[in-house]
Amino acid sequence: MLSDVLLVSAPGKVILHGEHAVVHGKVALAVALNLRTFLQLQPHSSGKVSLNLPNIGIKRAWDVARLQLLDMSFLEQGDPTSPILEKLEKLKEVADFPEDCTDHERLAVLAFLYLYLCICRKQRWRAEDLELINKWAFQGEKVIHGNPSGVDNAVSTWGGALRYQQGKISSLKRPPALKILLINTKVPRSTKALVLNVRNRLLKFPKIVAPLLTSINAISLECERVLEEMATAVPAPEHYLALEELIDMNQHHLNALGVGHTSLDQLCQVTMAHGLHSKLTGAGGGGCGITLLRPDLTGPEVEAVKQALTGCGFDCWETSIGAPGVSVHTAASLDAPVWQALDGLCAGQWASSS
Ligand code: PMV
């Protein structure tokens with residue numbers, strides 16, 4: 001039982017290299033960003049469990065007494081268990097969706113209800129707890145994406161920079177705090193559908209697509225080598241040149257896999273006009289891209305490229321890689337201005353009934 005407000009956060013992430021290839025057993029390099037999602041858990045006496053996700057316009061509440069009356073025996077507690085279709089169908093009845101609810105709102109609510117109803121709420125933050133958080137986050141990913149590789153939940157749990165391959169995770173020792181732009185094209189896409197399209201293309205043209213995946217694997221490994229070299233020696237212009245070439249090559253491979261989009265082409269062209277190199281990150285088909293910011297760039301140069309991107313209708317954040325993983329922030333350690341800033345930042349606030 002929670003006795004106080006609990007504020008936790010986890011970093012956003014980008015995949016540097018290896019998206020899609022990771023689903024087929026290849027290496028991916030993923031990094032946590034200094035852009036965080038905050039989650040506030042707050043006990044209250046309304047007799048309701050309420051979910052407030054302001055960034056995606058979701059505000060729902062369920063009567064706790066009603067939830068307790070429902071037969072939830074189909075949901076085991078304790079170890080993370082897969083959200084199989086049958087369980088999700090039953091949860092849809094519990095969720096009681098309004099008719100005008102969009103698919104992505106339904107999935108977000110289902111992921112919340114599934115985790116809320118299954119998890120034994122305990123505050124423990126040891127290595128095994130992080131394992132548990134990671135496993136639960138993976139189940140949430142499954143609700144939304146179907147058959148995820150597991151790289152996204154891993155990097156948001158442990159933070160830093162991770163090499164991920166078939167469930168095996170290793171952390172890069174001291175990743176350089178590279179500056180990047182994270183750009184949202186705002187073109188909606190379904191990760192599930194894009195992953196399926198790549199699988200179909202691999203089945204249709206195995207001799208063409210398998211070498212593309214092997215080459216993306218080699219790009220991830222080379223990027224890891226360069227990042228480690230940058231951590232041990234003074235980062236030199238050659239390192240940034242190599243990172244830029246790897247970005248360009250991977251972007252072309254991802255286009256060949258069929259996960260590009262005209263909005264992403266535009267993003268790459270606009271940044272290239274400013275001498276900067278970009279690639280899509282994640283599933284592609286729209287969604288987000290990243291741009292490497294070399295250390296020699298001046299403030300006005302960065303501002304100019306950001307303005308050009310927002311001029312295309314994209315959202316743009318300047319951030320750095322290698323942020324800490326899931327963290328708990330005690331209410332007492334935050335002063336009033338921080339709380340005010342958080343009010344504006346909170347991507348999700350769950351108020352849970354005690
Ligand atoms: O679109 P995102 O940010 O969820 O990333 C998807 C990454 C893929 O490699 C395409 C799929 C996966 O599960 O790894």
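Ligands are counted one by one from 1 in listed order, and the atoms in each one are counted from 1 as well.
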Closest approach of any protein heavy atom to atom 1 (O) of ligand 1, naming residue and atom: Arg189 NH2, 2.7 Å
Which of the numbered atoms in ligand 1 are below 4.0 angstrom from a heavy atom of His145? 4 (O)
Would you give the length of the straight line joining atom CG of Leu292 to atom CG of Leu243, rounded to the nearest 0.5 angstrom? 6.0 Å
Mark up the atoms of ligand 1 that fall under 4.0 Å of a heavy atom belonging to Val151, in ascending order. 14 (O)
Give a yes/no verdict on a cation-pi contact between Arg106 and Phe97, requiring under 6.0 Å between NZ or CZ and the six-membered ring centre and an angle within 45° of the axis. yes
Relative to ligand 1, is Lys13 under 4.0 angstrom through side chain, backbone, both or neither, heavy atoms considered? side chain
One residue to check: Asp152. Relative to ligand 1, which of side chain, backbone, both or neither has a non-hydrogen atom less than 4.0 Å away? side chain
Protein heavy-atom partner closest to atom 11 (C) of ligand 1 - residue, atom, separation in Å: Val23 CG2, 3.8 Å
For the pair Tyr240 (side chain) and Asp296 (backbone), establish whether a donor and an acceptor sit closer than 3.5 Å, ignoring hydrogens and angles. no
Within this structure, what is the CG-NZ distance for the pair Leu202 and Lys207, rounded to the nearest 0.5 Å? 12.5 Å
Which part of Ile15 is near ligand 1, with near meaning a heavy atom under 4.0 Å away: side chain, backbone, both or neither? side chain
What are the atoms of ligand 1, with element, lying closer than 4.0 Å to any heavy atom of Thr191? 1 (O), 4 (O), 6 (C)
Ligand 1 versus Lys26, non-hydrogen atoms closer than 4.0 Å: side chain, backbone, both, neither? neither
Quick check on contacts: which atoms of ligand 1 are under 4.0 angstrom from a heavy atom of Val22? 9 (O), 14 (O)
Nearest protein heavy atom to atom 8 (C) of ligand 1, by residue and atom, and its distance? His20 N, 4.0 Å
Consider side chain to side chain contact (heavy atoms under 4.5 Å, CB included). Of Val155, Leu172, Leu29, which one does Leu162 pass it with? Val155
Out of Ser149, Gly12, Gly282, who is nearest to atom 12 (C) of ligand 1 when you count heavy atoms only? Ser149
Go through it in stages, so that I can follow the logic: the residues are His20 and Val259, the test is side chain to side chain contact (heavy atoms under 4.5 Å, CB included), and I'd like the CA-CA distance, side-chain angles, deciding distance and then a yes or no. CA-CA 9 Å; His20 289 288; Val259 297; 3.5 Å; yes
Using a strict threshold of under 4.0 Å (side-chain N to carboxylate O), is an ion pair present between Glu303 and Lys306? yes
Enumerated ligand 1 atoms positioned under 4.0 Å from heavy atoms of Glu19: 9 (O)
Assess whether a salt bridge exists between Lys279 and Glu19, defined as any Lys/Arg side-chain N lying under 4.0 Å from an Asp/Glu carboxylate O. yes
Taking non-hydrogen atoms only, is Glu141 closer than 4.0 angstrom to ligand 1 via side chain, backbone, both or neither? neither
Interatomic distance, Leu16 atom CG to Leu246 atom CG [nearest 0.5 angstrom]: 10.5 Å
Numbering as shown, the atoms of ligand 1 that approach Pro148 to under 4.0 Å (heavy-atom distance): 13 (O)
From Leu276 CG over to Leu267 CG, what is the distance, rounded to the nearest 0.5 angstrom? 11.0 Å
Closest protein heavy atom (residue, atom, distance) for atom 6 (C) of ligand 1: Ala283 N, 3.7 Å
